[in-house]
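Structure, as structure tokens:
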Amino acid sequence: IVPYAAIRQSLKIGNVATMINGTAKLILTKMTINSVTTFLGITNASDSGWNILQTIISTIVNWDTSALKRQSLEIEESSDGPSLAQRDVLKSYVDRKREEHEKCRMMSEARAEPIVVTVLEEYGGDELGEKQIPLALDYLSLHLSLRDRKKVTGILCSRQPDLLTQAVWEGVTAYYPVIRALHNAV
């Protein structure tokens with residue numbers, strides 16, 4: 001995914017400031033139609049689109065998301081897995097607020113029972129059988145992981161204003177002396 005040929009050429013530049021600036025711009029430039037028209041002076045600057053770093057993050061998270069969805073589908077198709085109604089209750093629990101998650105966790109610990117049993121009791125699901133509990137726990141865990149990955153991608157890639165690009169620029173600026181010393185040593 002990384003444009004290695006372009007980055008390799010940037011790293012060969014003798015002037016450290018130009019090398020750092022060129023490499024950072026290459027990774028953080030947003031290549032959209034709007035960025036091209038802004039470059040040509042036709043439109044005003046906009047913070048839309050993803051840069052290469054955000055595209056890499058999104059792609060890697062999507063690979064992981066696909067694997068999690070496959071595992072979730074295997075549980076759904078399993079004969080020992082939770083029923084459709086039970087899965088719907090677990091999915092709705094995933095989308096609930098943090099306070100409700102905390103409440104269910106505390107209730108689960110107090111009763112010394114699995115969280116899925118507590119969630120189904122609290123939100124009106126059918127009781128789970130002994131063979132269903134481990135699969136229901138996996139199912140809940142998978143859907144919580146899917147939700148987390150969706151949120152991470154949203155925060156790092158789609159949030160306006162783009163805080164990731166600003167953070168990377170500030171990181172490059174902060175480590176400029178270290179990068180300069182490393183470049184001189186090489």
Side-chain angles (χ1 to χ4, degrees), residues 1-11 20-39 43 45-102 104-105 114-116 119 123 125 132 134-172 174-175:
I1 300 171
V2 178
Y4 178 71
I7 290 175
R8 188 179 72 202
Q9 288 304 109
S10 298
L11 293 175
I20 293 170
N21 194 30
T23 304
K25 277 188 177 181
L26 182 66
I27 292 172
L28 299 175
T29 298
K30 297 179 181 199
M31 291 305 297
T32 62
I33 297 296
N34 191 24
S35 66
V36 173
T37 57
T38 300
F39 176 76
T43 61
S46 174
D47 199 21
S48 64
W50 289 359
N51 56 41
I52 291 173
L53 182 61
Q54 290 168 323
T55 304
I56 292 168
I57 290 169
S58 173
T59 302
I60 292 170
V61 170
N62 283 337
W63 288 341
D64 196 30
T65 299
S66 296
L68 292 172
K69 285 180 180 177
R70 274 194 306 275
Q71 291 174 359
S72 175
L73 189 60
E74 287 174 10
I75 292 173
E76 289 175 7
E77 293 172 350
S78 172
S79 60
D80 292 334
S83 67
L84 178 62
Q86 291 167 332
R87 291 193 311 259
D88 288 342
V89 170
L90 293 174
K91 282 183 188 177
S92 70
Y93 170 75
V94 168
D95 296 328
R96 294 185 186 274
K97 294 185 178 183
R98 182 183 179 104
E99 293 80 24
E100 294 185 50
H101 287 218
E102 295 285 335
C104 282
R105 269 190 230 118
I115 186 80
V116 290
V119 168
Y123 299 111
Q132 289 179 313
L135 290 173
L137 284 168
D138 288 343
Y139 190 78
L140 179 61
S141 175
L142 289 168
H143 280 276
L144 287 169
S145 296
L146 285 167
R147 184 213 50 199
D148 292 347
R149 280 148 183 79
K150 186 186 300 182
K151 296 282 184 182
V152 165
T153 302
I155 290 169
L156 293 178
C157 301
S158 301
R159 185 170 179 186
Q160 296 295 334
D162 181 7
L163 300 178
L164 178 67
T165 301
Q166 292 173 350
V168 171
W169 273 116
E170 289 175 10
V172 167
Y175 284 98

* Asked: What's the shortest heavy-atom distance between S72 and Y139, and which atoms?
  -> OG-CE1, 3.3 Å
* Asked: Is there side-chain contact between D64 and I60, with at least one heavy-atom pair below 4.5 Å?
  -> no
* Taking it one step at a time, do I115 and C104 satisfy side-chain contact (heavy atoms from CB on, under 4.5 Å)? -> CA-CA 7 Å; I115 186 80; C104 282; 4.0 Å; yes
* Quick one: closest heavy-atom pair of A136 and L90, and the distance? => O-CD1, 4.0 Å
* Beyond-backbone contact of N51 with V168, side-chain heavy atoms, under 4.5 angstrom -> no
* Side-chain contact test, heavy atoms from C-beta onward, threshold under 4.5 Å: evaluate it for L146 versus T65 and give yes or no. => yes
* Asked: Is there a donor-acceptor pair under 3.5 Å between the side chain of T153 and the backbone N or O of K150?
  -> no
* Structure fact -> Between the OG atom in S145 and the CZ atom in R147, the distance rounded to the nearest 0.5 Å is 9.0 Å
* Do the side chain of S78 and the main chain of E74 share a donor and acceptor less than 3.5 angstrom apart? -> no
* **Spacing of I75 atom CD1 and Q132 atom CD [to the nearest 0.5 Å]** => 12.0 Å
* Asked: Do the ring planes of H101 and Y93 sit parallel (below 30°), tilted (30 to 60°) or perpendicular (above 60°)?
  -> parallel
* To do: Check whether any side-chain heavy atom of L156 lies under 4.5 Å from a side-chain heavy atom of V61, and answer yes or no.
  => no
* Asked: Got a second to check how far Q71's CD is from E76's CD, nearest 0.5 Å?
  -> 12.5 Å
* Heavy-atom side-chain proximity of L135 to P82 below 4.5 angstrom -> yes
* Asked: CD1/I155 to CD1/I57 distance, rounded to the nearest 0.5 angstrom?
  -> 12.0 Å
* **Shortest non-hydrogen contact between T55 and T59, atoms and distance** => O-OG1, 2.7 Å
* Is there a side-chain contact between K25 and W169 (heavy atoms, below 4.5 Å)? -> yes
* **S58 side chain to Q54 backbone, donor-acceptor under 3.5 Å** => no
* **L137 side, atom CG; L142 side, atom CG - distance, nearest 0.5 Å** => 11.0 Å
